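Note that the structure is a prediction, hence the values are computed from the model and not measured.
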Amino acid sequence: MGSELQVQPWPGLNRKSNQAWIKLLLLVLLAGVAFRFFVSSSNLGSVLPDYVRQAFLGGAHLSEPSSLESGSEKDLDVEEIDFGDQRTSDAQKDFLQEGRCNLFTGEWVHDPAGPMYTNETCRFIESPQNCMTNGRPDREYLYWKWKPYGCELPAFDAEKFLDSMRNKSWALIGDSILRNHVQSMLCLLSRIEDPEEVYHDETFKSRRWHFKSHNFTLSLIWSPFLIKADVFENDDGVSTADIELHLDILDKNWTGLYQNFDYVVISTGQWFLKTAIYWDSGKMIGCHYCKGRNLTEVTAGYAFRRALQEVFQFINSSPHRPLVFYRTWTPDHFENGEWWSGGNCNRTKPYKKGDYDGKNIDHLMRKIEIDEFKDAIRLGGSPMRLLDTFDLSVLRPDGHSGPYRTFHPFDEQGRRKPNVVNDCLHWCLPGPIDAWNDILMQMSTTST
């Protein structure tokens with residue numbers, strides 16, 4: 001034991017009997033440790049509180065938290081988290097002991113059944129994601145489904161979802177990837193009931209639909225940074241001035257409506273890579289990638305972290321308690337350049353596990369959001385779940401619009417038409433993003 005444990009003789013015992021007592025004590029301690037390990041291994045529900053397991057795994061198996069796989073974030077150190085007086089209900093304990101698999105770790109397998117909707121059966125697909133209408137010639141990208149290791153992920157059941165969400169209200173809050181996600185959800189749900197659009201803003205970026213027979217409301221709220229932002233660019237990303245971000249002020253576009261929702265999917269990310277001037281506490285603190293300007297360089301990662309801290313603090317401190325899903329960073333698949341420099345995404349099949357795991361910036365930003373999500377869970381407050389779509393998304397370079405964000409981007413000789421830009425970030429519909437809703441349904445209907 002060395003100097004770590006100094007054992008003093010007990011009064012009334014000689015040296016020999018004292019050693020015997022020490023040996024007996026050590027045997028008892030070792031037996032207790034062995035028993036605790038055996039019990040903990042056979043009943044994982046007694047080790048990891050349910051709200052942490054659900055938050056990170058979404059009803060998944062405890063042994064493989066894919067949301068913490070990258071970099072140094074492989075293990076959620078439960079011993080370092082102060083769980084306070086949080087208790088789990090009997091239902092939650094039963095859920096833990098079912099040993100459900102990790103919905104976020106798996107592979108794409110061929111699916112001869114194909115998608116549940118097409119561009120002809122769904123009216124909600126916007127032009128930049130309507131790859132079939134825009135002339136994409138290949139169809140193989142439509143015949144894959146996400147298969148978690150160790151279990152089957154049921155396809156989205158629109159009827160079951162709408163029945164379970166009767167008299168409820170959902171909001172998807174974020175950037176154009178959330179808009180892409182909403183289109184997928186609308187296409188899936190409209191197979192059962194065609195909703196009525198009851199609101200849109202002037203730019204049609206924030207919208208709301210009502211499913212009358214179920215009294216279910218689905219809202220899309222445009223807030224690409226989630227914090228206050230002054231943006232001066234068009235839909236093609238052409239700017240007339242630098243973006244200005246206020247890192248300590250949340251965007252009222254979503255905070256002003258937050259109390260209206262029972263379920264929230266919220267995310268941000270790629271917009272933070274843009275050139276931007278940063279303000280904090282009413283002072284300009286610097287700029288990210290402002291060439292030729294005499295401003296302090298501040299990293300996009302710093303702004304991303306500050307924004308998430310404000311978002312999670314608001315969610316945890318709000319007296320309103322919706323079930324919140326934080327969707328993780330979405331990778332792009334630009335090759336041979338970027339959006340603005342001729343990058344493309346010409347692959348026609350998914351990657352296999354291990355072929356590709358993203359760019360350095362993906363892992364940097366992903367680590368930041370996982371760190372901040374973990375801190376938010378530690379602090380407690382509103383129920384939150386991690387909708388970890390990164391792994392399944394990074395394996396699908398074939399699922400993007402590419403040049404087919406534009407209607408028939410090539411002429412009769414196969415030459416690219418002027419001003420056609422590849423989109424290797426957003427997803428064709430139908431396409432891989434539909435799997436996000438398969439997972440989201442399992443997480444939300446299990447939590448109700």
J.: Decide yes or no on side chain to side chain contact (heavy atoms under 4.5 Å, CB included) for Met384 and Ile377, but give the supporting numbers first.
T.: CA-CA 7 Å; Met384 282 190 282; Ile377 293 300; 4.1 Å; yes

J.: List the steps, then state whether side chain to side chain contact (heavy atoms under 4.5 Å, CB included) holds for Asp438 with Lys145.
T.: CA-CA 10 Å; Asp438 295 340; Lys145 68 177 181 179; over 6 Å; no

J.: Please indicate whether Asp411 has more than 12 foreign heavy atoms, meaning atoms of other residues, nucleotides or ligands, lying under 6.0 Å from its CG.
T.: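 Buried by this count: over 12 neighbours within 6.0 Å.
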
J.: Please check: side-chain N/O of Glu196 versus main-chain N/O of Lys212, any donor-acceptor pairing under 3.5 Å?
T.: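 No.
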
J.: Would a distance-only check, ignoring hydrogens and angles, find a side-chain to backbone donor-acceptor pair under 3.5 Å from His400 to Asn422?
T.: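 Judged by distance alone, no pair lies under 3.5 Å.
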
J.: Test your reading of the model: is there a side-chain donor-acceptor pair from Arg385 to the backbone of Met443, 3.5 Å cut-off?
T.: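 No, Arg385 side chain to Met443 backbone: no donor-acceptor pair under 3.5 Å.
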
J.: Does atom CD of Gln413 have more than 12 heavy-atom neighbours from other groups under 6.0 Å away?
T.: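 For Gln413, atom CD is crowded (more than 12 foreign heavy atoms under 6.0 Å).
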
J.: Pairing donors with acceptors under 3.5 angstrom, does anything connect the side chains of His210 and Asn215?
T.: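 Present: a donor and an acceptor within the cut-off.
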
J.: Might you point out which heavy atoms bring Asn180 and Trp427 nearest each other, and give the distance in Å?
T.: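 Shortest heavy-atom separation between Asn180 and Trp427 comes out as OD1-N, 2.7 Å.
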
J.: Just by distance, with hydrogens left out, do His333 and Asp398 show a side-chain donor and acceptor under 3.5 Å apart?
T.: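 Not at all, the side chains of His333 and Asp398 share no donor-acceptor pair under 3.5 Å.
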
J.: For Lys274 versus Ile243, what's the shortest heavy-atom pair and its separation?
T.: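 Looking at all heavy atoms of both residues, the closest pair is CD-CD1, 3.7 Å.
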
J.: Which heavy atom of Ile125 sits nearest a heavy atom of Leu429, and at what distance?
T.: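 Nearest pair, atom of Ile125 first, then Leu429: CD1-O, 3.6 Å.
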
J.: Just wondering, do Phe261 and Thr217 contact through their side chains at under 4.5 Å, heavy atoms?
T.: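 No; the side chains remain at least 4.5 Å from each other.
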
J.: Assess whether atom NZ of Lys160 is packed by more than 12 heavy atoms of other residues, nucleotides or ligands within 6.0 Å.
T.: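 Result for NZ/Lys160: open.
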
J.: Taking all non-hydrogen atoms of both residues into account, name the closest pair between Pro397 and Val394 and its distance.
T.: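 Closest approach of Pro397 to Val394: CD-O, 4.5 Å.
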
J.: Does atom NZ of Lys359 have more than 12 heavy-atom neighbours, drawn from other residues, nucleotides or ligands, at distances under 6.0 Å?
T.: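 Above 12, so yes.
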
J.: Output yes when a side-chain donor or acceptor of Trp254 lies under 3.5 Å from a complementary backbone atom of Ile221, and no otherwise.
T.: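 Such a contact is absent between Trp254 side chain and Ile221 backbone.
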
J.: When you measure from the side chain of Ser206 to the backbone of Asp201, do you find a donor-acceptor pair of N or O atoms at a distance under 3.5 Å?
T.: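 Checked: no pair found.
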
J.: Return yes when atom CG of Asp138 has more than 12 non-hydrogen atoms of other residues, nucleotides or ligands closer than 6.0 Å, and no otherwise.
T.: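 Result for CG/Asp138: enclosed.
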
J.: Quick one: does any side-chain atom of Ser281 pair with a main-chain N or O of Lys283 as donor and acceptor, under 3.5 Å?
T.: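 No, the answer is negative, given that no donor and acceptor are paired below the 3.5 Å cut-off.
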
J.: Got Gln183 and Asn130 here, is their nearest side-chain heavy-atom distance under 4.5 Å?
T.: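 Answer no - side chains too far apart.
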
J.: What's the verdict on side-chain hydrogen bond (donor to acceptor under 3.5 Å, both in side chains) for Asn260 and His320, showing C-alpha distance, side-chain angles and the deciding distance?
T.: CA-CA 9 Å; Asn260 298 330; His320 183 57; over 6 Å; no

J.: Checking side chain to side chain contact (heavy atoms under 4.5 Å, CB included) between Leu395 and each of Trp144, Tyr356, Trp108, which is the one that passes?
T.: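 Of the listed residues Trp144, Tyr356, Trp108, the side chain to side chain contact (heavy atoms under 4.5 Å, CB included) partner of Leu395 is Trp108.
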
J.: Apply side chain to side chain contact (heavy atoms under 4.5 Å, CB included) to residues Arg405 and Gln129 and explain how you reach the verdict.
T.: CA-CA 6 Å; Arg405 75 186 296 268; Gln129 286 76 53; over 6 Å; no

J.: Please check if the side chain of Thr275 supplies one atom and the backbone of Cys290 the other of a donor-acceptor pair under 3.5 Å.
T.: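 Checking the backbone N and O of Cys290 against the side chain of Thr275, no donor-acceptor pair under 3.5 Å is found.
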
J.: Would you say His246 and Ile227 make side-chain contact, with heavy atoms under 4.5 Å?
T.: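 Answer no - side chains too far apart.
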
J.: So Asp194 and Arg123, salt bridge (charged side-chain N to carboxylate O under 4.0 Å, His left out) or not? Walk me through it.
T.: CA-CA 10 Å; Asp194 194 53; Arg123 65 182 179 89; 3.1 Å; yes

J.: In Å and rounded to the nearest 0.5 Å, what is the CD1 to OG distance from Ile177 to Ser393?
T.: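 Interatomic distance, Ile177 CD1 to Ser393 OG, rounded to 0.5 Å: 9.0 Å.
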
J.: Using the rule side chain to side chain contact (heavy atoms under 4.5 Å, CB included), only one of Tyr258, Trp170, Tyr263 pairs with Pro322; which is it?
T.: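 It is Tyr258; the other options fail the test.
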
J.: Hey, what do you get for CZ (Arg327) to CG (Asp388), rounding to the nearest 0.5 Å?
T.: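 If I round to the nearest 0.5 Å, the distance is 10.5 Å.
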
J.: Please report the interatomic distance CG(Leu425) to CG(Asp175), rounded to the nearest 0.5 Å.
T.: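 Output value for this atom pair is 8.0 Å.
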
J.: Check Trp209 against Leu220 and note the closest heavy-atom contact, atom names and distance.
T.: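 Minimum heavy-atom contact is CZ3-CB, 4.1 Å.
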
J.: When you compare the side chain of His181 with that of Asn437, does any pair of heavy atoms fall below 4.5 Å?
T.: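 Yes, their side chains come closer than 4.5 Å.
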
J.: Going through the checks in order, is the salt bridge (charged side-chain N to carboxylate O under 4.0 Å, His left out) test met by Asp391 and Lys353?
T.: CA-CA 9 Å; Asp391 278 359; Lys353 191 74 172 179; 3.7 Å; yes

J.: Side-chain contact, heavy-atom cut-off 4.5 Å: Tyr404 with Phe410?
T.: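 Heavy-atom side-chain distance check passes, below 4.5 Å.
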
J.: Let me confirm one number: the CG-SG distance from Asp423 to Cys345, rounded to the nearest 0.5 Å.
T.: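 Rounded to the nearest 0.5 Å, the CG-SG separation comes to 7.0 Å.
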
J.: Could you check whether Phe312 and Tyr326 have their ring centres less than 6.0 Å apart?
T.: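 Centroid separation for Tyr326 and Phe312: below 6.0 Å.
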
J.: Would you call Pro409 and Lys417 a side-chain contact if the rule is heavy atoms closer than 4.5 Å?
T.: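 When only atoms from C-beta onward are counted, Lys417 and Pro409 do not touch, as no gap falls below 4.5 Å.
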
J.: Over all heavy atoms of both residues, which pair between Leu186 and Phe211 is shortest? Give the atoms and the distance, please.
T.: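 Heavy atoms of Leu186 and Phe211 come nearest at CD2-CZ, 4.1 Å.
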
J.: Give a yes or no on this: more than 12 heavy atoms of other residues, nucleotides or ligands lie within 6.0 Å of atom CD of Glu297.
T.: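 Yes - once you tally the heavy atoms of other residues, nucleotides and ligands closer than 6.0 Å, there are more than 12.
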
J.: Would you please test Val182 and Phe124 for side chain to side chain contact (heavy atoms under 4.5 Å, CB included) and show each step?
T.: CA-CA 9 Å; Val182 164; Phe124 297 101; over 6 Å; no

J.: Are the side chain of Asp251 and the backbone N or O of Phe225 linked by a donor-acceptor pair below 3.5 Å?
T.: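 Here the side-chain-to-backbone pair does not exist.
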
J.: Using atom types as modelled and distance alone, determine if a side-chain donor or acceptor of Asp248 lies under 3.5 Å from a backbone N or O of Asp280.
T.: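 Flag not set: sc Asp248 to bb Asp280 has no pair under 3.5 Å.
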
J.: Using ring centroids (six-membered ring only for Trp), state whether Phe390 and Trp329 fall under 6.0 Å.
T.: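 No, the ring of Trp329 stays outside the 6.0 Å limit from the ring of Phe390, centre to centre.
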
J.: Nearest 0.5 Å please: distance from the CG atom of Asp242 over to the CD atom of Glu244.
T.: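 One finds 8.0 Å between CG of Asp242 and CD of Glu244.
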
J.: How about Pro128 and His426: do any of their side-chain heavy atoms sit closer than 4.5 Å?
T.: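 No, too far: nothing below the 4.5 Å cut-off.
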
J.: Let me see the working for Arg305 and Glu372 under salt bridge (charged side-chain N to carboxylate O under 4.0 Å, His left out), right down to the final yes or no.
T.: CA-CA 7 Å; Arg305 186 183 297 277; Glu372 295 306 321; 2.7 Å; yes

J.: Rounded to the nearest 0.5 Å, how far does CD1 of Ile266 lie from CZ of Phe314?
T.: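 If we round to the nearest 0.5 Å, Phe314:CZ and Ile266:CD1 are 8.5 Å apart.
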
J.: May I ask you to check whether over 12 heavy atoms, not counting those of Tyr289, lie within 6.0 Å of atom OH?
T.: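 Result for OH/Tyr289: open.
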
J.: Quick one: does any side-chain atom of Asp434 pair with a main-chain N or O of Gly431 as donor and acceptor, under 3.5 Å?
T.: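 The answer is yes, because a donor-acceptor pair under 3.5 Å joins these two groups.
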
J.: If you define the side chain from C-beta out and look only at heavy atoms, does anything of Trp146 sit under 4.5 Å from Ile439?
T.: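 In short, these two side chains touch, coming nearer than 4.5 Å.
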
J.: More than 12 heavy atoms of other residues, nucleotides or ligands under 6.0 Å from CD of Glu159: is that the case?
T.: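 Open.
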
J.: Using the ring centroid of each side chain, check whether Trp436 and Phe325 are separated by less than 6.0 Å.
T.: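 That pair fails the under 6.0 Å test.
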
